[in-house]
Amino acid sequence: MGGKRWVKEAGGIWEGSDGASQSRGHEEVSETVKEDIGMKQHWMVRAISKTLTLIPIPFHSSRASFSSPSSSFALKNVTRSNFELSLADLRRHVRDSDFVSIDLEMTGVTSAPWRESFEFDRFDVRYLKVKDSAEKFAVVQFGVCPFRWDSTKQSFIAHPHNFYIFPRQEVGAYDPSYEFLCQTASIDFLAKYQFDFNLCVKEGISYLSRALEDAARLHLHSTHEDELSESPCTTKEIKDVPLVRMADILFVERMRNKISEWHDDLLQIRNRRSSQIPEDSNDSMNQFQTIFFRMRPAIKLNGFTSRQLRLIKSVIQKSFKDLAYIRVNGASCLEQFIVYTNSRRDLELLMKEVKGDLCKEAEMKIGAAIGFRHVIDLLSSEQKLIVGHNCFLDIAHVCRKFVGPLPSNLEEYVTLVQKNFPYIIDTKILLNASNVLQLKMKKSSTSLSKAFAILCPHIASGVSSSGLAPSSVTVEVQVDDMRSSNWNSGAKHEAGYDAFMTGCIFAQSCSHLNIDFSSHSMLMKEEKLQKYINLLYLSWSCGDIVNIKTGGTTTESSAFNTFKIQPTKILFPNIAIIWGFPSKLKAREIKESLCKVFGLTSVTSIYHLDRTAVFVQFNKSELVSDFLELKSRLEKKNDAISVFHPLSELLEGGNTRAASYEVYKEICGSPISKVLFADQAEAVGINLNTKLLENKVQENGSFANSQSPIDTKTADIKQPLKCTSGSSKFPKGEMLDIVSC
Amino acid sequence: MPPFPMLRRRFLCTQTSNLSLFNQKPVGRQWPIKQVTKSNFSDSLHELKNKISDSDFVAVSLQNTGSYSSPWHRLLPFDTAEIAYLKAKYAAERFQILQFSVCPFSVRASNKLTAYPFNFHLFPRDEHKIGMPCYSFSCQPSYLTSMAQEDFDFNVCIYDGISYLSRAQESAAKGQMENPVSSGYVAQSPSSRSVADNVFVERIKSRVGHWISAYVLVNSLRKLILGGEDYGLRPSLNIDVCSERQVQLVFEMVKSGYENVVPLIIPAKGGGAQAVRVVLTSSKEDRDLLEKELQNMEEEQSKRVRGFREVIDLISTSRKPVVAHKSLNDFTFIHSKFLAPLPSTMDEFRSSLHSVFPNILDVNHLMKEIGPLNKYTNVPAAISYLKRNFFAPIEIEIPQKASVEESKNHGHNVVRISELFAKLCFILKIAPETETHNPDGPSTLKCYSNVLNLGSNSFQDSNEDDDISAWTHNPTKISINNLLFLWGFRSGTSARRLKNLLCKSHEKLSEDVFDVRLVDKNCAVVVFWKTGLSEWFLTTIDSGDGELRELAAEGLMAVGYEAYKRVCKSEILGADLADSLAEFDREASEAHTEESAEVYWNNELMINLDDL
């Protein structure tokens, strides 16, 4: 989760220390500031001041080197070269395991600062932000760690695997979805932890999502059928290679003679019924090696240039009706043959056979291109309990990269996840939701390394298992033939090690919850876990939780999170978003000018999205439409009175735009990512424009009589109804505004 | 200084050629190219500056993380100059430069090339925590893979790459850097002070006065008691200010009232001033010293901020002709990363670029003088073509020492570009060395300069942009009005089959009046050799029930070139041209209803007004 954590850390500091020294952003604040896409401002400050501890980062010359003299060996690094073998082992380990922990490192988390998660994000908006992240960034490392309970040893056996993956396209027509984004800060973060980018690009395992595999197979079959339906001789256009050079003409002539010589010899043999194969008469005939291709006499063409081969092909097609030019994939390269066929039927048969072979070969290639997805398929088909730490984004990446395009709304997404991974447990939820564990954690931060250090000190420090507290779960690590019960590679932010830590935290948590590993029931059926299973943080900082089983969403009650300030109730219909205002205006000034118009208590809160945009929450939802209408009226008038209007400061420059919350959602759903929100809105607006107008046309009929900008009273009543119903319809007020730009 | 510098050079040269002989690598020669990362940047910069001023030309070459997101985003034969620019802009804004090679070179005695290649590794690290130079960038995996095959070292780039800020970013960043600034502040005459101003000034004045006298007293007492001396550290006082006006007043007051006090602005986060710090110096000399120190500090600071852009500025200020291979692509990248965001039109881009690089030579364009060389799109292929067909012996001398170890020696392309340029000059009988001593710049070369190469078409001025040569092998100019984009056919249909389909559909569409080419698997372009036919086709197929009913029934859709232009201008080009065209087509038809809706709406408004 490298990238992710970076934003969580540095990004968090940045926001939290608003105004103070922002240069601290790059210090290693370990992961006290915890994991969510982006951070909220106020609780952040507290969290930092409370737990700002600098944990020295062990720097290794190589990531996989040893950190402590106690038994330490590198975890299993898997690249292209050892993937096949490792996969076979992993299959066995996963099948035997009680649960499998995972962790991902990606090239970035947010494609723009305003795409970080905000307090004012509704569930559906949060999903859109995560979806955007999973669509744009690449996964470069995938940690998988199966854990198996060994009842004779009374210990878990863990097999940490660290897969390097890279979105190399192996099959199919060029697919733009392979292109990926890198967030500069995340790449820098990975570099700080000595991530080997060369290994990733050169040796990373490629993969093919199920959707792309289906598409590739479909394409293959349709072209195969196409070719079968056309008889090979008629439609195959004989592309003439223009004979411009003298050398070409001579070559063609020479070839024609050679081939016809060979052809005649062949016929003579046939006629004479002699088994004698014509002997190569001279040296140049060495290039014409007579062999048998699919039981037919043939010449294998060796040592010709591609241009010469093209010329030969055209000679054959033009001058020899019973010879076929065939190209097949040989052991190492393409091999070309001239094959003699008895009849036209025989020729067709031959062509069919060759094409069938090609087709099979292509199928094999598609199969081989699945690559790392085999691991995902394995986890999915074995239906094991998947354990992650704050893993909503991780799961989204898994679905996007290995299953297919993500659906446009949270409900459909949840069913997609459920279908593939029926049992997921998030250790972060577990740690925050269970009172027992909260006590054990001493209310400290639930970041991965912090939780690991507190819950599993015996593993974190690498001391031997003797003399442990009885509640400590021992974990024995096995990598290939090496085993150790006090293993610690210490390479933090390496997916394999992070997955290992996550698994250890889970095992220890289960032990604290008095779960008996020796009982033969499966972990995911364990009653004591039912409260936590399949719950994921949509946003940890806001405590928004989604249930993967039901699709239901809840916000964590404050009882579990004593150090989080429960935000004031957010009413989305009451929110307007304003952007493009003069850059000198700060939240305070905006609030003041709005209050002058709508009353002192009219604005509940103002929140900066970035320096170009703010959310304004009014105390009544009608005020949103009132504001939008007033704004467009002022802009239309453009007379002396409007200059003195309290809003004129806000509207100065003529670039100020405003819209209701639904437009914000629309903008978040766009594939465009501009760094500043105002630029983003403008870029999206080009496309939005017509859409809004479309809605306007539909609504014209409905509001024509009752609603006009002047007749605000009726509008007031109508507006809130519209805001709450359906997201695709845009309330009239915001349309007006977009039209005006 | 080695005793026999020439000897040593010679030795080095032979050594490299020997090495390559033994290695038998396909690349051929391994030239000693100076590899520059963060650690040796400032030294190399100095060296490069000297080499540039000693040389006649500067060749540049870029290694990017990608060039197009979809096949149709590449430059296509039927693209106008404007569209070629828009496509290049699209790529330059998304992808990132990882390596920038610069090679100052001279050609003497018509066949001796003396070159000093430098290869800079770049990474857009946010060194100053100001969210610049770039938040994120795109990568094309196939590009990275082929770079990896050439032993490109991504770790060196990312760990030790040099960062930079563009000119536009630098000026934007000035306010965000938290360093005291002394210069850049213009003292104005004490004009019309308000009462409040006077009160403020008096208060500050007395505060500073008290502070100074107290300090002098304490200091003399301390000297008396401890007998020590001050060393280095100067006392200072922070004065909080709340407006630009107050900053100005403090500066005026200090400058007029106290000779030995230096005022500094402490910038606030996000621009503006947070406070003014006044520093007490011991004497006039000390004050001058401090001011000089501050100036140096600021220069150091801005040097660090500019980072690699120093190199761009060096090349620009040298006014030497810049030699590039794919100049449109390279210079859109250079403009967007090191100068300013790319303007929306080709003309603006051209003039903006011209002000920075007045003389750009594109070797691709020079190649055109020799023959129809559209095929030779990469430098090695062009060189081997010249080798086969022309006698142009160029002796390359690289009189610098650098590692020739293959895995660490990158950036050969820039030397090849220099070589290609020298060969071309030789063949075209241009004498580069006399050219550059011409005060107006190279005169014969002048006619080749600043033609940004657009692959198959190049345009010196954009007034002919309505004509393009549609097929590379058939260079007849045709108006873009005769082009149509066609989609809605079954994916993977061949151009020939499409043409047959069209031929069969109507007698007007005979074999010889039009031609079809595929743009990608879902979209084709149709060119009509007769004017007027395309309009007929469009209106007929749009009406749906006309003579082209069968085509329309099969789902075939067509739009003119204008729609294509609009798609290229949009924010997201889209992966599939057919989809993007369809989207714009749909929006265009909706725009019609939109206008009427607007009228309707206004009518309603007026009626309501009357009702009131």
Side-chain angles (χ1 to χ4, degrees), chain A residues 14 18-19 21-23 25-26 107-108 111-113 136 138 166-169 173-185 187-188 190-191 196-198 200-202 219 222-223 226 237 611 671-675 683-684 686-687 690 693-694 696-697 700 704-705 708-711 739, chain B residues 65-66 69-71 94 96 123-126 128-131 133-142 144-145 147-149 152-155 157-159 178 268-271 491-492 496 520-521 570-572 575-576 583 586-587 590-591 593-594 596-598 600-601 604-605 607-609 612:
Chain A
W14 181 297
D18 188 37
S21 75
Q22 47 171 271
S23 59
H26 226 57
T107 59
S111 56
K136 286 192 174 128
F166 186 71
R168 202 181 299 101
Q169 188 178 0
Y174 183 87
D175 190 282
S177 72
Y178 280 92
E179 193 180 307
F180 63 91
L181 208 62
C182 292
Q183 196 178 347
T184 315
I187 298 293
D188 211 26
L190 286 173
D196 192 337
F197 296 95
N198 287 339
C200 179
V201 178
K202 280 181 207 168
H219 178 74
S222 70
T223 49
D226 268 9
E237 305 153 32
R611 63 185 164 82
I672 301 170
S673 270
K674 297 273 174 187
V675 174
V684 177
I686 299 166
N687 305 325
T690 46
L693 284 159
E694 188 182 325
K696 191 178 137 190
V697 177
N700 257 340
N705 301 322
S708 75
I710 312 298
D711 194 359
V739 175
Chain B
T65 59
S69 306
S70 210
R94 297 162 68 84
Q96 183 57 40
F123 186 72
R125 208 176 299 101
D126 186 3
H128 308 278
K129 302 283 149 282
I130 46 175
C134 86
Y135 189 80
S136 61
F137 57 88
S138 262
C139 294
Q140 212 179 323
S142 58
L144 300 191
T145 310
M147 277 157 84
Q149 276 160 5
F152 185 91
D153 196 329
F154 294 95
N155 288 348
C157 263
I158 296 166
Y159 291 21
E178 288 171 15
K269 186 189 166 195
S491 172
R496 167 145 286 270
D520 59 20
K521 62 181 194 300
S570 61
E571 283 292 339
I572 283 205
D576 196 79
E583 177 70 17
R586 195 179 59 78
E587 277 177 23
E590 271 164 19
T593 48
E594 164 194 328
S596 54
E598 192 68 36
Y600 180 50
W601 167 241
E604 285 302 318
L605 183 77
I607 292 166
N608 273 300
L609 273 172
L612 278 172

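Proteins come first, then strands; the chains are lettered A, B, ... in the order of their sequence lines, and each starts at number 1.
Between B/F123 and A/I187, the closest side-chain pair of non-hydrogen atoms falls below 4.5 Å.
When each of B/G66, B/S69, B/A148 is checked for heavy-atom pairs under 4.5 Å with chain A, B/S69 comes out on top. By number of non-hydrogen pairs under 4.5 angstrom with chain A, the leading residue of B/C157, B/P141, B/P124, B/A575 is B/P141. Counting heavy-atom pairs under 4.5 Å between each of B/L144, B/D520, B/D576 and chain A puts B/L144 at the top. Chain B forms more heavy-atom pairs under 4.5 Å with one residue of A/P113, A/P167, A/S177 than with any other, namely A/P113.
Each of B/C139, B/S142, B/S138 was checked for a side chain to side chain contact (heavy atoms under 4.5 Å, CB included) with A/E179, and the lone residue meeting it is B/S138.
Note that CG of A/L190 and OH of B/Y159 are 9.0 Å apart. Values are rounded to the nearest 0.5 Å. Atom-to-atom distance recorded for A/N198:CG and B/F152:CZ is 9.0 Å, nearest 0.5 angstrom.
The two residues B/T145 and A/F166 have their closest heavy-atom pair at OG1-CE2, 3.7 Å.
One N or O on the side chain of A/T184 and one on the backbone of B/Y135 form a donor-acceptor pair closer than 3.5 Å.
In this structure, the portion of A/K674 lying under 4.5 Å from any heavy atom of chain B is its side chain and not its backbone.
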